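What follows is a set of notes on a single structure, which appears directly below.
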Amino acid sequence: MNVLFASSEVFPFSKTGGLADIASFLPKALNGIGHNVITVTPYYPSIAKYHNDLEYLGTKTVYFGLDNTKVNYYVLNEGSNQTIFVQNQHYFEREFYYGYDDDDIRFMVFSYSVLELVDLLKDIPQIIHVNDWQSAPVPFLLDRHYRYREKYQYIHTLLTIHNLQYQGSFGLYSSRLFNVDFDYTYVHFNSVNYLKTGIETASKINTVSPNYRNEIMTEKFGFTLDGALKNRENDLYGILNGIDLEVFNPETDSLIDKNYTSSNLKLGKQKNKEELLKEFNIEITKDQPLVSYIGRLAVQKGINLMKESLEDIINDSNAVFIFLGSGNEEYQNYFQSLRDKYPNRVAYYQGYNEELAHKIYASSDIFLMPSEFEPCGLGQMISMRYGTIPVVREVGGLKDTIDPYNKYNNTGTGFSFYDQNKDVFKDKVLEAINMFNNEPRKWSQLVRRALNEDFGLERMAKEYTDLYNKIIGGK
Ligand code: ADP
């Protein structure tokens with residue numbers, strides 16, 4: 001099957017979150033089972049270091065409103081995987097990926113560029129698979145401006161929503177960029193809304209876990225688009241993300257201090273823990289559990305709940321804590337002051353650090369993910385791969401991936417709660433810590449069950465293949 005996969009970020013070239021991981025894992029997994037999936041993404045300054053390996057493919061002019069600009073396409077070939085970078089210095093070679101006043105223009109240029117690229121490809125894609133708001137205008141533009149061309153006649157589209165909160169919402173003036181007479185397809189509450197445009201026009205839509213798929217059709221989780229999604233209920237799917245079990249593998253991971261298997265996990269974790277915490281000037285004894293958080297410091301991630309309860313948990317337990325992330329300034333200040341107040345118990349690294357993330361996953365015993373909402377979440381799956389037990393809120397993909405511990409029949413793979421209440425959260429974290437401290441046998445059994453979960457890419461690739469087939473078959 002020929003697929004053109006468009007994403008505004010692709011690991012390792014660019015990354016702000018889980019989208020980049022999936023945009024890297026999924027095309028590779030699909031190519032691994034014989035499909036031909038080509039990835040297309042903007043050429044940001046971070047791509048420059050690959051420039052000598054790139055091959056020039058061609059140049060196109062894209063038109064938006066009364067403006068136009070030229071884009072160059074460069075190809076990176078890595079075995080059966082092809083990534084094509086859309087180069088336009090003015091729009092994409094900036095310090096940050098997002099957050100500019102002209103983001104509406106920047107990602108409309110990207111969307112047109114995805115469509116123009118089809119003309120340069122050897123194989124016409126059967127499906128253009130777009131991701132999130134940054135390429136969500138593609139299905140609409142395809143129908144309005146490209147269908148009449150022979151190559152574009154039969155192309156289908158799939159929109160994957162990785163996070164409904166970010167919609168690409170702009171003033172009505174942005175409507176000029178679609179190059180059509182005013183049309184309500186792209187209007188939502190008196191704004192132009194790129195994601196809604198995709199929801200209305202893509203052949204099919206999916207999101208990144210079955211539970212989030214159901215949640216987003218409700219007012220509570222719908223971010224005002226629940227109605228638009230409900231209208232397309234029959235075309236809306238939920239496919240759980242996967243993780244690359246080779247990249248995240250405690251047996252072979254070269255970024256961690258000591259590799260380990262399920263049989264020497266305890267010792268391996270202990271060694272990793274000591275090395276990691278040495279860097280933060282914290283001494284840890286054998287019986288102290290390490291509790292961690294890795295992720296964006298955003299409201300979505302349940303940081304408010306952590307703010308309300310972490311000090312109590314520190315005071316009521318023997319655990320040591322490590323936090324990795326950046327984002328909201330108020331949260332950054334909070335973690336800094338927590339570290340300053342408890343220098344022997346709390347480590348905090350502000351920023352993005354891939355290597356440190358691996359070290360933390362490998363060293364921790366307990367991983368916190370009390371998200372307010374969570375489309376899928378990768379952190380909890382990566383944790384389990386390293387034998388680290390997640391404590392999660394029962395929302396979105398967290399609910400799909402964690403089987404809550406049941407002390408009566410000794411089953412489950414983690415701890416979970418629903419109420420956004422500081423005591424409920426605190427009690428769950430303390431329950432995990434206490435079990436680590438007082439019931440080592442049960443803890444090892446829990447860890448083993450978590451380790452045995454398979455969140456690999458094969459299942460995900462198969463489910464996307466099935467969905468592609470449905471789309472092409474017109475089902
Ligand atoms: P989201 O996409 O909402 O940010 P996910 O859990 O889906 O959250 O994916 C986050 C990914 O980014 C995980 O692979 C996580 O390990 C990684 N990550 C998040 N923050 C950091 C950080 N500060 N340093 C290194 N890796 C990070």
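Atoms within a ligand are numbered from 1 in the order they appear, just like the ligands themselves. Small disclaimer: the values here were computed from a predicted structure and weren't measured.
Of all atoms in ligand 1, numbered sequentially from 1 with element shown, those under 4.0 Å from a heavy atom of Ala357 are 25 (C), 26 (N). The ligand atoms of ligand 1 that sit less than 4.0 angstrom from a heavy atom of Gly17 are 2 (O), 4 (O). Every atom of ligand 1 is numbered from 1 in the order shown, and the set under 4.0 Å from a heavy atom of Tyr361 is 15 (C), 16 (O).
Contacts with ligand 1 closer than 4.0 Å are made by backbone heavy atoms (N, CA, C, O) of Asn353 only, the side chain lying farther away. Contact annotation: for Asp21 versus ligand 1, heavy atoms closer than 4.0 Å belong to the side chain alone. Of all the heavy atoms of Asn241, none lies under 4.0 Å from any atom of ligand 1, so neither backbone nor side chain is involved. Contact annotation for Lys15 and ligand 1: only side-chain heavy atoms (C-beta onward) come within less than 4.0 Å of the ligand.
For ligand 1, the polar-atom distance check against Leu378 finds a nitrogen or oxygen pair separated by under 3.5 Å. Checking only distances, Glu354 never comes within under 3.5 Å of ligand 1, N or O to N or O.
Note on Lys359 versus Glu355: salt bridge recorded, some NZ/NE/NH1/NH2 to OD/OE distance being below 4.0 Å.
Phe323 and Phe321 have parallel rings, their planes meeting at less than 30° on a 0 to 90° scale where 60° marks the start of perpendicular.
Side-chain N or O atoms of Asp226 include none that pairs as donor or acceptor with a backbone N or O of Phe221 at under 3.5 Å. Using a distance-only test at 3.5 Å, with no hydrogens or angles considered, no donor-acceptor pair links the side chain of Asn241 to the main chain of Cys376. At distances below 3.5 Å, at least one donor-acceptor pair connects side-chain atoms of Arg106 with backbone N or O atoms of Tyr91.
Screening residues 238-265 for ring pair (Phe, Tyr, Trp, His ring centres under 6.0 Å), with sequence neighbours left out, gives Phe248-His358.
With Gly295, Gly351, Ala298, Gly327 as candidates, the residue nearest to atom 20 (N) of ligand 1 on a non-hydrogen basis is Gly295.
Residues Thr261 and Glu251 have side chains that never bring a donor and an acceptor to within less than 3.5 angstrom of each other.
The shortest contact between atom 4 (O) of ligand 1 and any protein heavy atom is with Arg296 NE, 2.8 Å.
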